[in-house]
Amino acid sequence: MKEKLIVILGPTAVGKTDLSIKLAQSLQSEIISGDSMLLYRGFDIGTAKPGTGEQAGIMHHMIDILEPEEEFSVTRFKAMAAEHIKAINAAGKIPILAGGTGLYIKSLLEDYCFNATKGDEQYRAQLEQLAAERGREHVHTMLAAVDPEAAARLHVNDFRRVIRALEVYHMGGEKISQEKNAPAGELVYNTYVIGLNRERTHLYARINERVDKMFADGLVEEVKALLARGLDRSCQAMQGIGYKEVVAALEGTMTMERARECIKQSTRHFAKRQLTWYRKMPYIHWYDVETCTPQDLLAAVSKDIAGKFGTK
RNA sequence: GCCUUGGUAGCUCAGUCGGUAGAGCAGAGGACUGAAAAUCCUCGUGUCGGCAGUUCGAUUCUGUCCUAAGGCA
């Protein structure tokens, strides 16, 4: 008997948070975040994290569980989310997984089987050093020597993956190209996947507005506070959209105005990339947020969920 | 009114010593299996402001008109 799960995904700024909270209220359930940036404490404004007021007393899991300097990865997400899903089901409720991180959600639903080799900071730094000295081609050639299949698939410039492939081979004796599990096309959970979308130009307009609002709400102060705490600007969380640009502006490499535009642009690009993940998930039930009010959306979604799970 | 400098892809501009043009950005599509809000790949025909002239041929030269900015009155 598979555990039940409701998923809400969609591009950034489409309105996932709002729907997830309303739905959680009406189903008296709990929310699990499927978002790689909400994990971090202190990263609130730039991540559009729902504040405690907005959370409306609904239990939110996997938000604010990491210190800013902590590292995180998909496998941890997968394991943690699975636990929450299990626990909430055990309590007789249907958990709501809401978030936009394609890899995280897809790997959870489809049970990606990752290589066991852990990330090794030192080894990565070593390869980056090597690439700086002898070029990326050189590192790519190293991969071709040990795992030609992976090398053929990876572009020389897709340096992160080249590094990972080498790491997997040298640190763990595995190959990134080795066949993983073939999840029989069936999802891990008894799940109803809701995809929210709206017309692209309108989505972009919302993104632009939201970025302006982040600045008005004190994004710059948030970043300053993080830096003042001694947080290294190179840490994972600081690579998030909105943070790396503000840091650059504070360091003087670009104007704050320019940073604001960069953030809008990156967010738009990001939304587009999210959408390409979702296109590979044929089991998503799409709802056009454009053509209905929040009430109608909730009603429509509730009805479809009731049909699926036999809830009220 | 006169002078100067512009008018080339949605935007900013480059360029053609005359043989119908190309970058960045924007935008679009894609990849992705322990960093994923990360990382990476692919995609550029537009009356070269209008009209006329010179020419085998003009976006490129000449004239004229329109238009923008600046200067002089």
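This one's a predicted model, so the numbers in the text were calculated from it and none came from an experiment. Residue numbers start from 1 in every chain, and the chains themselves are labelled A, B, ... in the order their sequence lines are given, proteins ahead of strands.
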Go through rA35(B), rG34(B), rA31(B) for me and flag the one nearest to the K280(A) side chain. rA31(B)
Within the 3.5 Å criterion, strictly below it, is a donor on D35(A) or S33(A) matched to an acceptor on the partner's side chain? no
Pairing partner of rC2(B), by Watson-Crick or G-U wobble and under 3.5 Å for both distances, is rG71(B)
rA37(B), rG34(B), rA35(B): which one has an atom nearest the side-chain heavy atoms of E128(A)? rA35(B)
Tell me whether F114(A) and rU33(B) count as stacked here, given that the ring centres must be under 5.5 Å apart and the planes must differ by less than 30 degrees. no
Pair of N/O donor and acceptor under 3.5 Å linking rC40(B) base with R161(A) side chain: no
Which one, rG34(B), rC40(B), rA37(B), comes nearest to the side chain of M37(A)? rA37(B)
Does rG29(B) have OP1 or OP2 sitting under 4.0 Å from an N or O in the side chain of R279(A)? yes
If each of A48(A) and H269(A) is mapped to the nucleotide of RNA chain B with the nearest heavy atom, which maps nearer the 5' terminus, i.e. the 5' end? H269(A)
Base-pairing mate for rU33(B) - Watson-Crick or G-U, with both contacts under 3.5 Å: none
Regarding rG34(B), can its base be found pairing with the side chain of K78(A) as donor and acceptor, where the two atoms are less than 3.5 Å apart? no
Now, which nucleotide makes the Watson-Crick or G-U wobble pair with rU20(B), with each of the two distances under 3.5 Å? none
Are any of Y204(A)'s side-chain N or O atoms less than 4.0 Å away from OP1 or OP2 of rA28(B)? yes
Between Q265(A) and rA26(B), is there a contact of a side-chain N or O with OP1 or OP2 at under 4.0 Å? yes
Regarding the side chain of R273(A), the nearest nucleotide among rA38(B), rC32(B), rG34(B) is rA38(B)
G-U wobble or Watson-Crick pairing nucleotide for rG7(B) (cut-off 3.5 Å, both distances): rC66(B)
Of the candidates rC40(B), rC32(B), rA35(B), the side chain of R124(A) sits closest to rA35(B)
